[in-house]
Amino acid sequence: MGLVKGLATTFKTMTKHAHTVQYPDQPPELPPRTRGVIALLEENCTVCMLCARECPDWCIYIDSHKETAPAPPGGGRERTRNVLDRFAIDFSLCMYCGICIEVCPFDALEWSPEFEYAEFDIKELLHEKDRLREWFWTVPAPVALDPGAPDPKEMAQAQKVADKRLTAQKAAEIVALADGGAAASGQPERSGPGRSGPAGGAEGDG
């Protein structure tokens with residue numbers, strides 16, 4: 001009876017659509033936040049070494065040198081900057097925790113959904129910055145925020161600073177208009193505390 005039930009199940013599913021993805025002929029539909037491989041945007045890297053120091057597997061290798069930038073024509077002084085020579089990630093050691101991407105202050109590292117980088121030799125999984133740069137162009141655009149989600153703290157703080165500046169600017173404009181109207185009507189300008197009034201005495205003397 002077990003054999004008969006198994007054959008019945010087989011014949012029943014033969015006519016149904018298969019859910020198996022025929023990879024590699026048919027590429028899989030990956031989620032938008034798939035952690036495939038780590039990509040590098042070299043222009044944003046300042047060689048701060050945060051990613052290499054925070055990596056729990058020590059699989060990031062960075063080499064750099066210092067260069068002196070000449071002083072600008074308008075004046076100033078010479079500045080020293082770091083120049084990136086090598087940026088490599090050993091994916092045979094990487095555990096894809098994403099700490100290096102989170103700690104990067106300049107968004108030089110991003111997750112790419114690319115996952116087809118298997119090699120026959122484990123030594124070939126050490127990828128240099130040129131290969132990491134190629135993967136950066138496969139990084140998808142960031143997912144839109146939930147309309148019902150609260151605003152980030154940084155945006156609220158920036159809005160608070162902008163509102164304070166706008167209030168101060170409006171107050172300065174009101175004072176300027178009041179001083180201009182007083183001058184046009186021939187009245188003396190307002191004096192602050194401790195300053196001489198129109199009669200030569202100090203305000204607030206009685």
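Being a predicted model, the structure only gives us computed values, none of them experimental.
- Contact annotation: the side chain of L50 approaches that of R53 to within less than 4.5 Å [non-hydrogen atoms, C-beta and beyond].
- Atom CD1 in I38 sits 3.5 Å away from atom SG in C100 (nearest 0.5 Å).
- Shown here are the salt bridge (charged side-chain N to carboxylate O under 4.0 Å, His left out) partners of E134, two or more places apart in sequence or in another chain: there are none.
- In the hydrophobic clustering of ILVMFWY residues, with side-chain heavy atoms under 4.5 Å counting as a link, L40 and Y96 come out together.
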Between E43 and R133, is a salt bridge (charged side-chain N to carboxylate O under 4.0 Å, His left out) present by the stated rule, with each step listed?
CA-CA 10 Å; E43 289 78 0; R133 173 62 177 262; 2.9 Å; yes

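- Of all heavy-atom pairs spanning M95 and P56, the tightest one is CE-CG, 3.2 Å.
- Residues L126 and F87 are members of separate hydrophobic clusters, defined by side-chain heavy-atom contacts under 4.5 angstrom among Ile, Leu, Val, Met, Phe, Trp and Tyr.
- Using a 4.5 Å cut-off on side-chain heavy atoms (C-beta onward), K12 and M14 make no contact.
- For the side-chain hydrogen bond (donor to acceptor under 3.5 Å, both in side chains) condition, the pairs that include at least one residue of residues 85-94, sequence neighbours left out, are H65-D85, R86-E128, D90-S92.
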Test V83 against S64 for side chain to side chain contact (heavy atoms under 4.5 Å, CB included), laying out the working first.
CA-CA 5 Å; V83 179; S64 64; 5.9 Å; no

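- Between E110 atom CD and F136 atom CZ the span is 5.5 Å, to the nearest 0.5 Å.
- In the hydrophobic clustering of ILVMFWY residues, with side-chain heavy atoms under 4.5 Å counting as a link, L93 and M49 come out apart.
- Taking CZ of R131 as the reference point, atom CD of E114 lies at 8.0 Å (rounded to 0.5 Å).
- Using a 4.5 Å heavy-atom cutoff, the side chains of C104 and C51 are not in contact.
- Within 6.0 Å of the CD atom in Q157, the count of heavy atoms belonging to other residues, nucleotides or ligands does not exceed 12.
- A distance of 12.0 Å separates CZ in R81 from OG1 in T46, rounded to the nearest 0.5 Å.
- The hydrophobic cluster containing L109 also contains L125, counting ILVMFWY residues as joined when their side-chain heavy atoms lie under 4.5 angstrom apart, directly or transitively.
- Among pairs with a residue in residues 109-129, those fulfilling ring pair (Phe, Tyr, Trp, His ring centres under 6.0 Å) read F91-Y117, F91-H127, Y117-W135, H127-W135, at least two apart in sequence or across chains.
- Under the 3.5 Å distance criterion, the side-chain polar atoms of T34 are left unmatched by any main-chain donor or acceptor of L30.
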Side chain to side chain contact (heavy atoms under 4.5 Å, CB included) assessment of D107 paired with L41
CA-CA 8 Å; D107 296 333; L41 184 60; over 6 Å; no

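- In this structure a side-chain-to-backbone donor-acceptor pair under 3.5 Å is present from N44 to F106.
- V47 and I101 fall within a single hydrophobic cluster, where Ile, Leu, Val, Met, Phe, Trp and Tyr are joined by side-chain heavy atoms under 4.5 Å apart, directly or via other members.
- Taking CD1 of I89 as the start and CD1 of I60 as the end, the distance is 5.0 Å to the nearest 0.5 Å.
- Under the 3.5 Å distance criterion, the side-chain polar atoms of T15 are left unmatched by any main-chain donor or acceptor of F11.
- Note: C48 SG to I62 CD1 = 7.5 Å, rounded to the nearest 0.5 Å.
- Using a 4.5 Å heavy-atom cutoff, the side chains of C45 and L84 are in contact.
- Looking at D57, its side chain never comes within 3.5 Å of a backbone N or O of C59 through a donor-acceptor pair.
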